[in-house]
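Worksheet: the structure to be examined is printed underneath.
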Amino acid sequence: MQERYNPLEIEQSFQRQWSESQPWKVSEDKTKPKYYLLEMFPYPSGRIHMGHVRNYSIGDVVARFKRLQGYNVLHPMGWDAFGMPAENAAIQHDTHPAIWTRENIANMRTQLKRMGFSYDWDRELATCEPDYYRWEQLIFLKMFEKGLAYKKSAAVNWCPECETVLANEQVEDECCWRCENKVEQKELDQWFFRITNYAEELLEWTGKLPGWPESVLTMQRNWIGKSTGCELDFAVDGQDETVRVFTTRPDTLFGATFMSLAPEHPLAKTLTVPERSEEVEAFVKKVQAADQTQRTSGEYEKEGVFTGSYCINPVNGARIPVFLANFVLMGYGTGAVMAVPAHDQRDFEFARKYDLPLQVVIQPEGEIVGPATMSEAWEGPGTMVNSGNFDGLDNETGKQKISEQLEADGAGQKSVNYRIRDWLVSRQRYWGTPIPVVYCDDCGTVPVSEEELPVKLPTDIKFTGEGGSPLASLESFVNTSCPECGQPARRETDTFDTFVESSWYFLRYASPHCDKSPIEKSAVDYWLPADQYIGGVEHAVLHLLYARFWTKIMRDLDMISLDEPFENLLTQGMVCMETQSCPEHGWLYPEEIENGRCARCQAAVVSGRNEKMSKSKKNVIDPDGLIKRYGADTARLFTLFASPPEKDLEWNDQGVEGCFRFLNRVWRLVYDNLPTIEAVAEVDAASLQPSARELRRLAHRTIKKVTEDIDGSFHLNTAIAAVMELVNGIMAFPDKESAPEVLREAIESVVRLLSPFVPHICEELWQNLGYVDSLQESGWPVWDEEALVADTLLIVVQVNGKVRGKVTVPADADNETVEASALADTNVARFIEGKTVRKVIVVPGRLVNVVVG
RNA sequence: GCGGGUGUGGUGGAACUGGUAGACACGCUAGAUUUAGGAUCUAGUGCCGUAAGGUGUGUGGGUUCGAGUCCCUCCACCCGCACCA
């Protein structure tokens with residue numbers, strides 16, 4: 001055995017072996033319990049970053065652990081390979097997205113292998129390959145057939161920088177999720193997936209995913225945004241029209257004193273009387289000129305205009321004026337709102353501004369509110385008043401009763417509204433899956449026939465960066481014949497949102513080479529759902545919602561029998577680091593700083609906030625540099641030890657040093673003790689001296705702790721801390737020579753327990769301990785319950801709840817004995833002296849509390 | 001506004017069903033070793049105090065023999081949704 005720990009040599013040697021023997025290649029084996037460990041696959045940007053290192057290190061611990069426990073573990077890796085950066089790179093570097101992407105994949109694959117992650121590389125897939133996306137096109141055809149994919153003209157989000165439309169989920173604060181530029185609204189003809197058909201089921205299942213973090217479930221519930229109420233019709237006075245409204249507060253119907261329509265409402269023009277049309281048109285123009293951000297921010301001043309028409313309240317015949325109001329959105333509900341100023345704050349403000357009447361219909365308990373005295377709307381519960389037959393009911397009952405009445409009268413019905421909109425999936429970009437559709441002058445929108453698939457993305461393309469998608473100008477692609485009538489026709493030149501590919505890659509992993517269909521059902525039946533999914537929380541309402549939706553789609557197309565794809569979800573925190581900047585040169589990389597000064601101009605460097613590592617702010621650590629300096633095991637160990645997986649990780653170079661020192665200590669632990677433990681007998685538990693029994697107890701306690709910390713709970717940082725304690729305990733063990741078999745067991749435990757975290761060094765140490773077979777074949781250690789039992793216990797003695805002493809008692813001492821020795825402690829006696837002992841509480845195995853007074 | 005979450009030493013973080021708060025690590029201090037530095041080893045390290053002891057988990061209160069943990073109040077910060085009818 002070498003004296004010094006040489007990580008690079010060891011790691012490369014094992015990685016070469018693993019490449020050849022492919023120890024993690026799996027197939028369906030019904031004799032073993034399966035475990036599908038999935039990590040969010042990366043976009044092939046070119047290099048892995050610390051976020052990947054962290055994500056995949058967490059996953060690899062669990063994969064290796066489960067394998068050692070005897071599970072048949074599927075642990076795949078692939079590439080989310082379509083997307084904008086490839087196109088931008090092609091324009092900038094005069095290359096082709098396909099070449100750029102494949103080179104990046106090759107680089108990153110090497111980097112992942114250099115980290116020692118235990119993937120089944122045989123299942124690797126890249127979504128930009130026709131043998132992947134052809135199946136996506138097939139599923140699209142089936143969705144089209146069922147009306148689950150459709151094209152419509154709608155006001156959509158347009159990113160001028162990316163020159164494409166975006167889904168609602170991809171707009172954050174009115175900005176593009178990718179380039180952070182301001183998004184515009186445009187009326188365009190686009191492809192949608194009917195996710196709204198699944199709104200209720202997606203919502204319902206958020207209550208049936210106990211393995212998901214509450215925060216993600218809540219975000220999805222918010223996004224789906226269900227509200228229940230009813231829809232009802234208001235007749236227009238003197239015209240043969242009705243205005244349909246949606247309300248969640250039918251109980252306030254008697255309090256409706258006016259009506260607000262969205263400026264875009266189809267009836268807006270019809271209801272405007274000629275003498276008001278000038279004013280109304282001016283108002284509509286003004287609202288349309290304001291951008292969406294202003295219009296939907298709470299601070300936007302409520303404004304409106306009277307149309308001159310009146311509606312009739314169906315329950316009491318009241319004649320109420322119809323307004324157009326800037327805060328009413330056409331995209332939600334029916335685009336018309338019955339305004340109840342006494343019980344809705346927005347309506348209240350609007351009514352005060354335009355001097356419209358208030359009618360109180362819900363009286364809160366214990367106070368009297370009236371139109372004259374109200375300074376804000378009462379939105380809380382109460383008793384119904386001024387509501388005809390419904391007076392005296394509590395308003396919750398009133399909601400039910402009024403809805404029933406409306407239904408009985410045929411004036412309305414109970415109704416549910418969702419905030420979620422259909423998923424806009426077409427993109428005006430080149431580097432994506434072609435949408436397999438043809439436009440024919442005679443036959444209209446015609447799907448490509450299944451036999452024609454895949455519609456391959458053409459590669460003979462020039463990238464100028466101008467004029468939108470290069471596909472549209474590629475005659476050889478665009479010009480085709482109609483699948484139905486054979487006449488000349490044009491291909492769809494939009495491609496799919498890349499989130500379509502990532503919505504089902506985890507299903508494809510089950511049978512990645514299947515060339516008959518998207519998936520092999522038996523393989524999906526065996527492996528899915530994924531037992532554990534690990535990735536960043538930024539996909540809470542994007543990928544994680546789409547993937548759930550797609551799974552249900554494939555289920556309803558009878559391709560799989562699965563309701564939900566991911567049994568357990570772990571959202572790991574971000575990797576953060578302080579930003580550093582120079583007044584002259586802006587953001588600085590860590591290696592551009594020398595002794596707190598800018599390497600170029602020697603100006604003092606200013607430290608900024610601790611935030612997510614990002615290239616744009618240059619607060620990044622390159623995994624490659626870390627591996628070269630310390631090895632992959634240290635890189636893995638630090639990201640796992642520095643903080644619990646779900647929390648953000650603060651980068652700390654000294655912490656990395658500390659982890660490297662620890663691995664050196666482990667190395668030395670084996671090296672120094674090897675002569676003592678090379679040839680020893682089995683442990684004979686019965687004949688051990690107290691100190692050896694103590695060490696053995698520590699070793700077994702650690703096995704238990706590490707097992708329980710990894711399994712299900714992901715307390716990886718405390719698992720590592722526990723092994724560190726064991727190492728400290730072994731180093732301090734005084735009787736190494738007289739109890740070598742216990743020493744060996746303890747040292748072996750360290751090596752075995754650490755192996756999922758730092759596999760290379762452990763494998764090497766295992767061999768040095770004399771084993772020929774791989775550590776991966778050795779199984780996970782099990783603790784001996786009997787070894788956990790202590791001979792003596794340390795009992796804390798409190799007087800009136802304050803710690804005054806500690807006594808050691810035999811483990812089997814009864815309460816009386818424990819109490820007696822507690823009271824006999826000299827320091828405890830000091831505090832009891834002269835006082836009456838009122839009560840003594842003995843907590844077996846823990847403490848004694850003496851209550852005096 | 002609604003919903004979710006988080007507040008513990010100089011720092012990252014521990015603490016099972018209420019039972020020694022601060023495990024483990026970083027940093028720091030002192031010492032050993034070393035030509036020096038690094039590495040390594042030993043001891044110490046919440047705060048106040050020479051000590052005995054006091055005090056301490058965002059604030060204030062409550063339950064309890066005993067509260068970081070349970071209940072109530074308030075505060076701060078983070079995340080998601082938001083004129084959603």
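It should be emphasised that the depicted structure is a prediction, and the values quoted were computed from it without experimental measurement. As a basis for the values below, the full set of heavy atoms in this structure was taken, side chains included, without hydrogen atoms, waters or symmetry mates. To find a chain, count down the sequence lines: A is the first, B the second, and so on, and within it residues start at 1.
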> Can you give the dot-bracket line for RNA chain B, where a pair is Watson-Crick or G-U wobble with both atom distances under 3.5 Å, crossing pairs use [ ], and | marks a partner on another strand?
Replying inline: (((((((..(((......[....)))((((((.......))))))(((....)))..(.(((..]....))).))))))))....
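The side chain of A/Arg419 lies closest to B/C84 when the candidates are B/A85, B/C84, B/A25. Among the nucleotides B/A85, B/G4, B/A14, the one closest to the side chain of A/Pro644 is B/A14. Listed nucleotides B/A23, B/C83, B/C65 differ in distance to A/Arg346; the shortest reach to its side chain belongs to B/C83. Residue A/Gln654 has its side chain nearest to B/G27 when only B/C81, B/G27, B/G80 are considered. When distances are taken from the side chain of A/Thr218 to each of B/C81, B/G4, B/C83, the shortest belongs to B/G4. Of the candidate nucleotides B/A85, B/C24, B/G80, B/A85 has the atom lying nearest to any side-chain atom of A/Leu329.
Comparing the P positions of B/U6 and B/U69 gives an interatomic distance of 14 Å, to the nearest angstrom. B/U33 and B/G27 have their P atoms separated by 23 Å, given to the nearest Å. When the P atom is used for both B/A23 and B/C72, the distance is 32 Å, rounded to whole Å. Distance noted for atom P between B/G7 and B/G12: 12 Å (whole Å). B/G60 and B/G68: their P atoms are spaced 14 Å apart (whole Å). Remark: the separation of the P atoms in B/G22 and B/G56 is 15 Å, to the nearest Å. Annotation: B/A15 and B/U8 have their P atoms spaced 15 Å apart (nearest Å).
Counting only heavy atoms from C-beta outward, the side chains of A/Glu611 and A/Cys576 never approach each other to under 4.5 Å. You'll find the side chain of A/Asn395 reaches within 4.5 Å of the side chain of A/Arg249, heavy atoms only. Using a 4.5 Å cut-off on side-chain heavy atoms (C-beta onward), A/Val809 and A/Val807 make contact.
Within the 4.0 Å cut-off from OP1 or OP2 of B/G80, not a single side-chain nitrogen or oxygen of A/Arg221 is found.
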>> I'd like to compare against my own output: the B/S/- annotation of nucleotides 40-47 of chain B with a strict under-4.0 Å heavy-atom distance to protein.
In response: SS------
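Between A/Arg830 and A/Glu833 there is no salt bridge, since no side-chain nitrogen of the basic residue lies less than 4.0 Å from a carboxylate oxygen of the acidic one. In summary, A/Arg221 and A/Glu214 engage in a salt bridge, as defined by a charged side-chain N under 4.0 Å from a carboxylate O. Salt-bridge annotation for A/Glu396 and A/Lys399: present, with a side-chain N of the basic residue lying under 4.0 Å from a carboxylate O of the acidic one.
Spacing between atom CG of A/Asn326 and atom P of B/C84 amounts to 13 Å, rounded to whole angstrom units.
Remark: A/Arg419 is positioned above the aromatic ring of A/Trp223, its terminal NZ or CZ atom under 6.0 angstrom from the ring centre and at most 45 degrees off the axis. Cation-pi geometry between A/Arg346 and A/Phe327 is not satisfied (NZ or CZ under 6.0 Å from the ring centre, within 45° of the ring normal).
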Report all interatomic pairs (protein N or O, nucleotide N or O of nucleotides 51-57 of chain B) with separations under 3.5 Å.
from	atom 1	to	atom 2	distance (Å)
B/G53	OP1	A/Arg830	NH1	3.2
B/G54	OP1	A/Arg804	NH2	3.0
B/G54	OP2	A/Arg804	NH1	3.0
B/U55	OP2	A/Lys802	NZ	3.4

Mind listing the N/O atom pairs, protein and nucleotides 6-12 of chain B, below 3.5 Å?
from	atom 1	to	atom 2	distance (Å)
B/G12	O2'	A/Ala642	O	2.6

Check nucleotides 18-21 of chain B against the protein and report each pair of N or O atoms closer than 3.5 Å, with its distance, or say if there are none.
from	atom 1	to	atom 2	distance (Å)
B/U20	O2	A/Lys806	NZ	2.8

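Using a 4.0 Å cut-off on heavy atoms, the residues of residues 711-718 of chain A that approach RNA chain B are A/Asn717, A/Thr718, listed by number.
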>> Could you go through A/Phe499 and A/Trp177, starting from their C-alpha distance and side-chain angles, then the distance that decides it, and tell me whether this counts as ring-ring contact (aromatic ring centres under 6.0 Å, His included)?
In response: CA-CA 13 Å; A/Phe499 279 92; A/Trp177 71 294; 5.1 Å; yes
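Among A/Trp651, A/Phe660, A/Phe757, A/Tyr630, the single residue meeting the ring pair (Phe, Tyr, Trp, His ring centres under 6.0 Å) criterion with A/Phe638 is A/Trp651.
You won't find any donor-acceptor pair under 3.5 Å spanning the side chain of A/Lys839 and the base of B/C65, going by distance alone.
The closest donor-acceptor contact from the side chain of A/His343 to the backbone of A/Ile362 lies under 3.5 Å.
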